[in-house]
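Let me begin by presenting the structure, written as structure tokens, before commenting on it.
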Amino acid sequence: MNLPTSFPPRIEETPVLAQLIQDPAKAVNAIARAKPPELDEYGQLPKLASTFDHVDGLFYFTYAVCIFFFVLILGVLLFSVVKYRRKTFDQPAASNSTHNTPLEVVWTVIPLIIVMIMFAWGFKGCLDMTTVPQAASQNTYKATAAQWNWTFTYPNHPEKSRGEVWLEVNKPVQFLLESEDVLHAFYIPSMRVKRDVIPGRFQTVWFTPTQLGDYHLFCAEYCGDSHSLMYAQVHVVTAEEFAKAPWYTFDDSTPAKAAASGESIYKGQCSACHSVNGVAGAAPSWAGDKGLFKKDGDKVVGRERQVVENGATKTVVADEAYIRESIRMPLAKLVADYATKANMNAFGPDKLSDRELNAVIEYMKTLAK
Amino acid sequence: MTTHAPVLDAHKSHSEKPKHYLNCSSGFWSWASTLDHKRIGLMYLIGTGLAFLAGGLFALLVRLHLWQPDGMLFSNDQYNQIFTLHGAFMVFLFVIPAIPGSLGNIVLPLMLGAKDVALPRLNLLSFYLWLSGAVLAALAIVMGGFDTGWTFYAPYSLYTNKAVVTIGLAIFMLGFSSIFTGLNFIVTTHKLRAPGLTWFRMPLFVWALYATSLLQVLATPVLGITILLVAFERLYNIGIFDPRLGGDPVLFEHFFWFYSHPAVYIMVLPAFGIISELVTVHSRKPLFGYKLIAFSSLAIAIISFLVWGHHMFTSGQSTYAMFAFSFLTFFVAIPTAIKEFSWVATIWKGSIALNSPMLYTLAFLIIFAIGGLTGVILGSLNVDLHLHDTYFVVAHFHYVMMGSIALAFFAGLHHWWPKMFGVMYNETLAKIACLVIFVGFNATFIPQFIMGSQGMPRRYATYVPEFQPYHSASTIGAMILGSGVALMVFYLVASLLTGKKAMQNQWGGVTLDWMSPTPPPLENFAHTPKVTTEVYDYSTLDLKSTQTPIG
Ligand SMILES: [Cu+2]
Ligand SMILES: [Cu+2]
């Protein structure tokens, strides 16, 4: 049986007053977010950045119909309440009618016609969104969802990108969606597309980005602890820009550049669980008193930590070998505080090459204090 | 044995006063083993009321946490547990059982002119199953909590290391409680109608409960089986829903919504029944389109079995399935619209008493209009692909579940309170509370519509900073709403201790529930009543009984 470690809330995680006055601008974790999307002219939807204008059309049509009926109902109610209010206890009703066939036919048939228009309009739009045109299927990306990050594979380029994806403007694109663990959903509000990502089967979604800019990509299906941090940025760029493959930035020619590349890998793949500010969450933090490395004079050395190996607790030093093992084979030694919780999935060489792993370690070292 | 029912002492009448169901016997055991439908209804009222307050507390915690983008109070994991608790408590322990269990139990036999429900022992068993479910749900919190959302979507619910099996068992029991209540009401309606009470003379609350009962009996077993399968899957890795073992997570969604869409109507039909009842009594005018309302309840009950797929438009179902599900979903809009229009038409040219039950009813009519109309926005396939799983959906179903169903429940509670206890609450406080609840409710959920259409996904412990103004506004609204509810609980409880005596027929109802003495005696009527007039015929109303306090 799992005794509650997290409910009721732990005191040290509840700095209520300190945070009440916190500046929202610097809030929300290490993830880099796109700028807020502009709103459209009615201020209800984010400005449309794809060709699916029928979504907005039908949304506003329905909206207008709703407002009409709402005002009608509200008006009749208010009028009646004012006009026919009971003033003496024995006041009878002003009318006892219980039927009015023409009226009843009208209020059945008119809504029926209206909803059938909506149905046909919506279905037509849906066909558009689910019928992948050939141009899009020739430009197929793969989006891999895993708790709690997104990895993107491009049609004609060997390098993947994580937490960010680049698209060419005005070029129809299809995403093949795959999940490594539980349900997720691929949602780009500005493009009006959403599709569940289901483990064990491929789903597809397509659209044509028509506006340059950066957009939010959210996970819209609850997937556990850091569901709300499962975020990616969508960059829509010109063809020239796209040809430069901006996602391919990995560079380990100097230790500093390696650390910078390591940081971007961290942001794409590790930041949903590991923090770098010393506060432990779904996973141990890489910094702080329980972090990985510490400064010893001008040297950077691993800190000691308690781990559980084959059921026995022991103390090890977090050196590079230990860290490599923690990433390649996480179950070999579990950090003692986490031994009974959900673990990390292994990152094999297919997900994190040796050079990338070294870059991440280089980045971890820069966190030492 | 000491008495556990303060209500009893408050009304301990002199020995010559007539005995009623509250004071005819006393002591813990006389309640715990009671077969009286009114006492069982009262126990349901207390139980579901407490569950509502607990669920409401979780809701306030959720809203407080979301005051700022990176969350104010909890870790992500704690937040996920709390929103799950909020949903599960509200749906399974409150919204589904509350109206049939409490008001339905108390009022249905009275309205039929019956001495009790047809199967009183089964009725008590339903209550105890509910209670065991509630206790197990509370245990599950202690045994590690649960963080799956109230929907238990596989495979996450199979992998998480929380107390999913325990809460599953709780829901299984609650399901049986609901099935038994449904069975009981069906039999009671068929067998125990007073002489002269033909089907089309039955009050609409009875019709609504009847349609609800059909749904409970037919749909709930599917939920029970689904939850059992999840438990087996977790314990023995069978491979039904788990893709790693060759199972199919989408199958779970189909099973789940095959129950949970009809469940929406299990929850909302009784609310419709209450509102139908209240608009006529407080407008003192026969219901407009009685038969249409009765048939629309049945129509909704039947169609509701065929629209579950509208919860899964993004799951990649075939276009044919989408076509059918969307079409039928729009179709449900029609009987629902007919109901709303008929209620408004009943009020039109009525003799409208603006007392607190009527204010709650008017609040319902406005909020339900918004809830229903925004449902139409979601029914369109292409628009739903954008709005699905955002706060727009959250706001929509709260307009239906909290704004409409809970408000109808409050309306009914205020309406039958004098009947149940023979006392009146403070009307001024009641009107203030209704206003506060109405304002707070809209302040909570209108911002959620806006941020939802802008793309704010639901079940997020943290969010992108641009949504903060809406979240903060929503949090303030929730606090207002919470204080309105607190005020309501206060004056209702206070009325039991200090309330004025109610009138014999407080609101001037003409259905049989108002023909029995107030509060009703153990077997409701001294003589079995005979029904000779049509339903809601206010020319038969004895106005004196609305002005004479009980004896
Ligand atoms: Cu997610
Ligand atoms: Cu539904």
Side-chain angles (χ1 to χ4, degrees), chain A residues 1-2 4 6-7 9 13-14 19 24 27-28 33 36 44-46 54-55 58-59 62 66 70 73 76 80-81 84-86 90-96 98 107 111-112 115 118-119 122-123 125-126 129-130 182-183 189 192 194-196 198-200 203 218 220 222 224-226 228 281, chain B residues 68-70 72-78 81 143-145 149 153 155-156 161 243 284-286 288 314-316 319 322-323 326-327 330 333-334 337 341 344 347-353 369 373 376-377 380-383 385-386 388-389 453-455 457 459-462 464-466 468 543:
Chain A
M1 190 174 86
N2 277 304
S6 45
F7 189 87
E13 291 183 17
T14 315
Q19 293 197 357
V28 187
R33 313 269 195 171
Q44 294 293 312
L45 298 169
H54 46 77
V55 174
L58 184 50
F59 177 81
T62 319
C66 289
F70 181 66
I73 291 171
V76 175
S80 315
V81 164
Y84 302 112
R85 183 162 177 195
R86 190 184 300 168
D90 53 357
Q91 176 183 326
S95 144
N96 271 330
T98 57
W107 77 35
L112 190 65
V115 295
M118 291 171 185
F119 163 71
F123 183 64
C126 172
M129 296 167 101
T130 49
V182 298
L183 296 175
R192 311 288 187 262
K194 182 179 296 116
R195 195 53 118 203
D196 293 357
I198 300 172
Q203 296 270 80
F218 295 120
Y222 176 66
D225 194 294
S226 300
S228 65
Chain B
Q68 61 182 40
D70 50 357
M72 195 169 74
L73 298 177
F74 308 111
S75 68
N76 292 347
D77 178 43
Q78 292 163 345
Q81 295 188 43
M143 290 173 57
Y153 268 21
Y156 185 71
N161 60 359
R284 198 164 285 170
K285 185 171 164 238
F288 191 93
T314 62
S315 72
T319 15
M322 300 239 239
F323 181 93
S326 169
F327 182 81
F330 276 117
I334 302 305
F341 292 144
V344 174
I347 291 178
W348 172 258
K349 292 199 172 177
S351 158
I352 302 162
L373 288 167
V376 173
I377 299 185
S380 300
L381 285 166
N382 59 350
V383 178
L385 292 183
H386 173 57
H388 177 76
D389 267 339
S453 51
Q454 292 177 10
R459 296 177 166 175
Y460 263 29
T462 60
V464 290
E466 68 248 35
Q468 193 186 20
L543 277 169

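Residue numbering restarts at 1 for every chain, and letters A, B, ... go by the order of the sequence lines. Every heavy atom of this structure was used, including side-chain atoms; hydrogens, water molecules and symmetry mates were not.
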Determine the option with the most heavy-atom pairs under 4.5 angstrom with chain A, choosing from B/Phe327, B/Phe288, B/Tyr153. B/Phe288
B/His386 side, atom NE2; B/Thr314 side, atom OG1 - distance, nearest 0.5 Å: 13.5 Å
Leading residue by heavy atom contact count with chain A [cutoff under 4.5 Å; candidates B/Val376, B/Leu543, B/Val383, B/Leu373]: B/Leu373
Would you confirm whether B/Ser326, through its side chain, and B/Met322, through its main-chain N or O, come within 3.5 Å as a donor-acceptor pair? no
Is a side-chain donor or acceptor of A/Ser228 paired with a backbone partner of B/Tyr460 at a separation under 3.5 angstrom? no
Just by modelled atom types, is the A/Asp196 backbone N or O under 3.5 Å from a matching donor or acceptor in the A/Gln203 side chain? yes
Under 4.5 Å from any heavy atom of chain B, what part of A/Pro92 do you find: side chain, backbone, both or neither? backbone
From the list A/Cys126, A/Gly122, A/Gly200, the residue making the most non-hydrogen contacts under 4.5 Å with chain B is A/Gly122
Mind ranking A/Ile198, A/Val81, A/Val76, A/Val182 by heavy-atom pairs under 4.5 Å with chain B and telling me who comes out on top? A/Val182
May I ask you to decide if the ring planes of A/Trp107 and B/Phe341 are parallel, tilted or perpendicular, using 30° and 60° as cut-offs? tilted
For each of B/Pro243, B/Ser453, B/Ser380, tally heavy-atom pairs with chain A at distances under 4.5 Å, and name the one with the top tally. B/Ser453
When only pairs under 4.5 Å are counted, which of B/Ala337, B/Pro286, B/Gly149 shares the most heavy-atom pairs with chain A? B/Pro286
With a 4.5 angstrom heavy-atom cut-off, which part of A/Met118 approaches chain B: side chain, backbone, both or neither? both
With a 3.5 Å distance limit and no angle check, can you tell me whether A/Arg86 reaches the backbone of B/Ser351 through a side-chain donor-acceptor pair? yes
Looking only at A/Met129, A/Arg195, A/Arg192, most heavy-atom pairs under 4.5 Å shared with chain B are made by A/Arg195
Part of A/Ser95 lying under 4.5 Å from any heavy atom of chain B: both
Determine the option with the most heavy-atom pairs under 4.5 angstrom with chain B, choosing from A/Pro111, A/Pro36, A/Gly125. A/Pro36
Under 4.5 Å between any side-chain heavy atoms of B/Leu385 and B/Leu381, yes or no? no
Interface check, chain A: of B/Ala369, B/Ala353, B/Ala333, most non-hydrogen pairs under 4.5 Å belong to B/Ala353
Nearest 0.5 Å, what's the CD-CG distance between B/Gln81 and A/Asp225? 10.0 Å
Can you check whether B/Trp348's main-chain N or O pairs, donor with acceptor, with B/Lys285's side chain at less than 3.5 Å? yes
Under 4.5 Å to a heavy atom of chain A? For B/Ile334 that would be side chain
